[in-house]
Structure formats: structure tokens, C-alpha cells
Amino acid sequence: MLSEEVQKRIAELKDKFPQRRSAILPAMHVVLEEVGFYNRDIQKQVAGLLDLSEMEVAETLSFYTYFPKQGVGKYHIQVCTNISCMLNGAEQLVNYLEEKLKIKAGETTPDGLFTLSTVECLGSCGTAPVMQINQRYYENLTKAKVDQIIDDLKNKTTK
Ligand code: FES
């Protein structure tokens, strides 16, 4: 599934770090550039290229929500539900998004546009509540801001 060029770039990362496992994240950034997501086959391929077990790669990827798995919608909405965000209305925000998108957290809209997930701390606790959509952060969220963000993304897609 990965191109020869990408495979070569990943293989070159193998001996760049004292701990081979440290090459997993840079390798996944290379994957992201080409494919935009990962799945079990890619995970296995990256493990092979880095001479690691698939489990080592899977463990790392399960910790970082930054790398989208195949099957997420065009826009992956990740709402932080950790302490600062929770105290500032994250739960209500998740409920609101579930109502608005007519899906539950963990699901994708039938048109494939949005996937809604809850995640741990996004590292922006001072601007809680926070969500990340693909690579972009949205902070100090309110229902009105969420409406604007979702409408803008829908409009962007229909243009
Ligand atoms: S608790 Fe939400 S960004 Fe840290």
C-alpha cells in the first residue's frame, strides 16, 4: 500500500535513533503525508520496515490520537474530555455535537463527512473546552462557535 519512495524514507529512519521505537512517530508522519491515515496493513508494513513487532507500533499508535485510522470521516472531530475541558463543559459539547451531527461519539456521519471522538488532554487546558478537527485546534468553545465551525466545514465541502 505504501509507495516505494515512502518505504525507502521509513527504512532510512530505522537506524537514526538510539531506540528503534523512536522512529515510529517520524515514520507515521511520512505515512500521513502520503496516505492520510493508517490501517492494520500499514501498521504491519511500518513495523516490518523498522524491524519492530507490529505490537510495538500498535502500542505507540494507540497512545497518539493524532494519526487517523482508516475509516474516519473527512473531518475527524476530537473533543477533549479531560479535567479542564470537562469542568468547562466538554460533556455538554459532546452531547451537542451528537445531536447536531445525529451520531454518537465513535461514529461517522452517513455522508462520511464527520467522525466524532472523545480524547484525552490535547495540551491546551488554558483554553478549555477544546476540540481538534484534523490538524487544527478550536478553543474556548461555545455552542455558537461549534455551529459556526461545523457550518463552515459543510460549506467548504459543498463548494
Ligand atoms: S484538559 Fe482539555 S486540553 Fe487539557
Side-chain angles (χ1 to χ4, degrees), residues 10 13 16-40 42-43 46-47 50 52-159:
I10 292 172
L13 292 167
K16 239 182 169 174
F17 302 92
Q19 298 268 332
R20 191 162 290 162
R21 288 178 62 137
S22 303
I24 295 172
L25 295 183
M28 290 309 295
H29 281 282
V30 174
V31 168
L32 213 58
E33 279 173 32
E34 179 171 65
V35 189
F37 62 83
Y38 76 94
N39 58 23
R40 184 87 194 269
I42 291 173
Q43 190 175 283
V46 168
L50 296 177
L52 293 167
S53 71
E54 193 186 341
M55 183 56 75
E56 288 173 296
V57 175
E59 281 171 355
T60 302
L61 292 178
S62 70
F63 184 78
Y64 293 96
T65 54
Y66 177 81
F67 301 104
K69 281 188 192 152
Q70 185 175 28
V72 296
K74 180 175 172 128
Y75 299 111
H76 188 194
I77 304 169
Q78 299 176 84
V79 182
C80 171
T81 53
N82 217 303
I83 191 74
S84 287
C85 289
M86 191 54 82
L87 291 172
N88 285 285
E91 197 176 329
Q92 292 87 331
L93 208 61
V94 171
N95 293 339
Y96 187 65
L97 278 160
E98 285 181 335
E99 276 171 36
K100 187 171 179 66
L101 299 172
K102 298 181 177 45
I103 54 172
K104 293 282 175 203
E107 294 178 347
T108 300
T109 53
D111 60 5
L113 210 49
F114 298 102
T115 296
L116 177 62
S117 301
T118 57
V119 294
E120 296 301 323
C121 183
L122 290 168
S124 188
C125 316
T127 58
V130 178
M131 69 181 179
Q132 180 179 353
I133 303 180
N134 297 353
Q135 319 312 332
R136 183 167 172 198
Y137 270 32
Y138 296 88
E139 300 159 297
N140 297 306
L141 292 168
T142 60
K143 286 181 181 176
K145 277 188 180 180
V146 166
D147 284 341
Q148 187 66 59
I149 293 161
I150 299 298
D151 290 349
D152 286 350
L153 292 175
K154 280 183 180 170
N155 290 337
K156 202 168 140 185
T157 306
T158 54
K159 282 182 186 170

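Remember, it's a predicted structure, so these values are computed and weren't measured experimentally. For ligands, and for the atoms within them, numbers begin at 1 and follow the listed sequence.
Residue pairs meeting the ring pair (Phe, Tyr, Trp, His ring centres under 6.0 Å) criterion with at least one partner in residues 119-149, sequence neighbours excluded, are absent.
Here L116 contributes atom CG and Y75 contributes atom OH; the two are 16.0 Å apart, rounded to the nearest 0.5 Å.
Looking only at protein N/O/S atoms, the ones less than 2.8 Å from atom 4 (Fe) of ligand 1 make 2 in total.
In summary, of the residues considered (K154, Q148, K156), a side chain to side chain donor-acceptor pair (under 3.5 Å) with D152 occurs for Q148 alone.
The pair E56-R20 does not meet the salt-bridge criterion, since no charged nitrogen lies less than 4.0 angstrom from a carboxylate oxygen.
Between the side chains of E99 and N95, no donor-acceptor pair is found at a separation under 3.5 Å.
Within the 4.5 Å cutoff, side-chain heavy atoms of E54 are placed close to those of R40.
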